[in-house]
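Reminder, nothing fancy here: chain letters follow the sequence lines and each chain counts from 1. Since the model is a prediction, treat every value here as computed from it, not as a measurement.
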Amino acid sequence: MKKDNLERKDEYIWEIPKEYKGCMSVPGRLYLSEKLVDVVEEDTYEQIANVACLPGIKNYSLAMPEAHLGYGFPIGGVAALDRDEGVISPGGVGFDINCGVRLLKTNLKKEDVKGKEKELIENLFNKVPSGVGSESKLNLSNSELDILVENGAQWAVENGYGKESDIKFCEENGKMQQADSSLISKKAKGRGKSQVGTLGSGNHFLEVQYIDEIFDEEAAKTFGLNEDYVTVMIHTGSRGFGHQVCTEHVNEMEKAAKKYGIDLPDKQLACAPSGTKEAEDYFKAMCCAANYAWANRQVITSWTREAFHDFFDSEIKLDLVYDVAHNVAKEETHKINKKESKKDYFVHRKGATRAFGPGHSSIPKKYQKTGQPALIPGNMGDSSFIVKGTEYAMENTFGSTCHGAGRKMSRKKAKGKYWGGTVQKELSEKGIYVKATHGSVIAEEAPGAYKNPTEVVDVAHNAGISEKVGRLQPMAVAKG
DNA sequence: ATGTCC
């Protein structure tokens, strides 16, 4: 789709009219600045239009400011599909089910870490296995894994990885209730057993940061954030387990779409009507993978604490601020405008973060008045952000904002353009120590391969779908 | 994202 097909509705709102494609039942709607409109590829606009063709889609096929090309659905895409008349689609969640981010705040100051970045990250790197196919010191039996995928972060805490209070600062309390381990294949279990507590590869990371700016004093106080204090950000998902679950169900959904006579503009939007066995089975298996990811981030948190305690002092505190999922489908109730009554939807967020506004019952008590914290990582050489959810987002984006800066270059292109060693050296000159399993990962993840995180987060802020609370600067990064 | 092609 050409940029000329876009209609500008507001400073930060652009629409793809539903007349653009015969199958669209709602318009596409993007939150972008004038500059970002040119950065989004034509194929991404096409994907947003395609999603608007799914049965039961409500209001708009939405795209967050970072929108870029994904499998079927765009990354940065949000679609709410009617609980009774809509569909569920694995492509709207993504391969890395419950890829997400958590933020730990510490009582260390920037100066306490300065000069020790290299040694500290070596310690973290040794504690937390990373890289493609990395294996954990945990190797669970089938029955242990069944319990884990039905209980998520709660499994981890019950088994000694973390503290009870961690649970309440996870989205969904780190556990999606509908998980049913009887729907998990032997193959998925086989891949999952040895990867609990591993980081993975690609854009996944463990980063030591410091807070360099507070934008909203009151919200920062509620979240417990102060300038110059050190934070740890963990970004990872459900590893080979979630990937296997997604692969298996994409195959089933392709058959299901045909069986139920759903006409799709793109095979990658394979889906099944909610309420059918195919849709239910996927959703329950997806919940298992989501729980796997929460257990994974929880175990990594525990090992991160151990590394800090060994390296500094056993008195160092690392408290969980919040843990968000940015690749998941959730059954949620929304009231879109005053005229309509509350209704249930399967909200698909793929590379988009839930950012519920103040007063929502799903937000931890401590954050009720402020709104939900959402975490938006940038890239290993640039700022990450903590933002808060808004009432505006509740009414316009089903309570969602962006999940990162978004790539502007494919992995392949980035590998051709950058060399890992050079990128690493440039970052170290900026005072950022990066350690990875392979130089190629550093090349793929070079800061230049990403959009400017400040630009993307500012669009979300100015459009009103989330509000900036604090900015985080990288000091030391462990990558896959 | 991913035992980067069963």
Exercise. Starting from C1' on dT2(B), measure out to CD on E444(A) and report it in whole angstrom.
Key: 12 Å
Exercise. Round to the nearest Å and state the distance from N327(A) atom CG to dT2(B) atom P.
Key: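 After rounding, the reported distance stands at 11 Å.
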Practice problem: Quick one: closest heavy-atom pair of T198(A) and E135(A), and the distance? | Solution: CG2-C, 3.7 Å
Quiz item: Looking at the rings of Y322(A) and F223(A), which for Trp means the six-membered one, are their centres under 6.0 Å apart?
Solution: no
Quiz item: Nearest nucleotide by nearest heavy atom, which residue falls closer to the 5' end of DNA chain B, G202(A) or V132(A)?
Solution: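 With V132(A) and G202(A) compared, the 5'-side residue is G202(A).
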Quiz item: Does NZ or CZ of R407(A) fall inside the cone over Y450(A)'s six-membered ring, less than 6.0 Å from its centre and within 45° of the axis?
Solution: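 That pair qualifies as a cation-pi contact.
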Under 4.0 Å between any heavy atoms, over every strand shown, what does [X] touch: base, sugar-phosphate, or nothing? Just pick one.
X       : value
G94(A)  : nothing
S238(A) : nothing
Q195(A) : sugar-phosphate

Practice problem: Using distance alone, with no hydrogens and no angle criterion, decide if N151(A) and K175(A) have a side-chain donor and acceptor under 3.5 Å apart. | Solution: yes
Self-check item: Qualifying side-chain hydrogen bond (donor to acceptor under 3.5 Å, both in side chains) pairs, either residue in residues 466-477 of chain A, two or more places apart
Solution: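 Found D212(A)-R471(A), D212(A)-Q473(A), E213(A)-R471(A), S383(A)-Q473(A), T401(A)-S466(A), D458(A)-K468(A).
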Exercise. Check DNA chain B against residues 239-248 of chain A and give the residues with a non-hydrogen atom under 4.0 Å, in numerical order.
Key: R239(A), G240(A), H243(A)
Self-check item: Reported CZ-to-NE2 distance for the pair F73(A) and H348(A), which is rounded to 0.5 angstrom
Solution: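 Taking CZ in F73(A) and NE2 in H348(A), the distance rounds to 5.5 Å.
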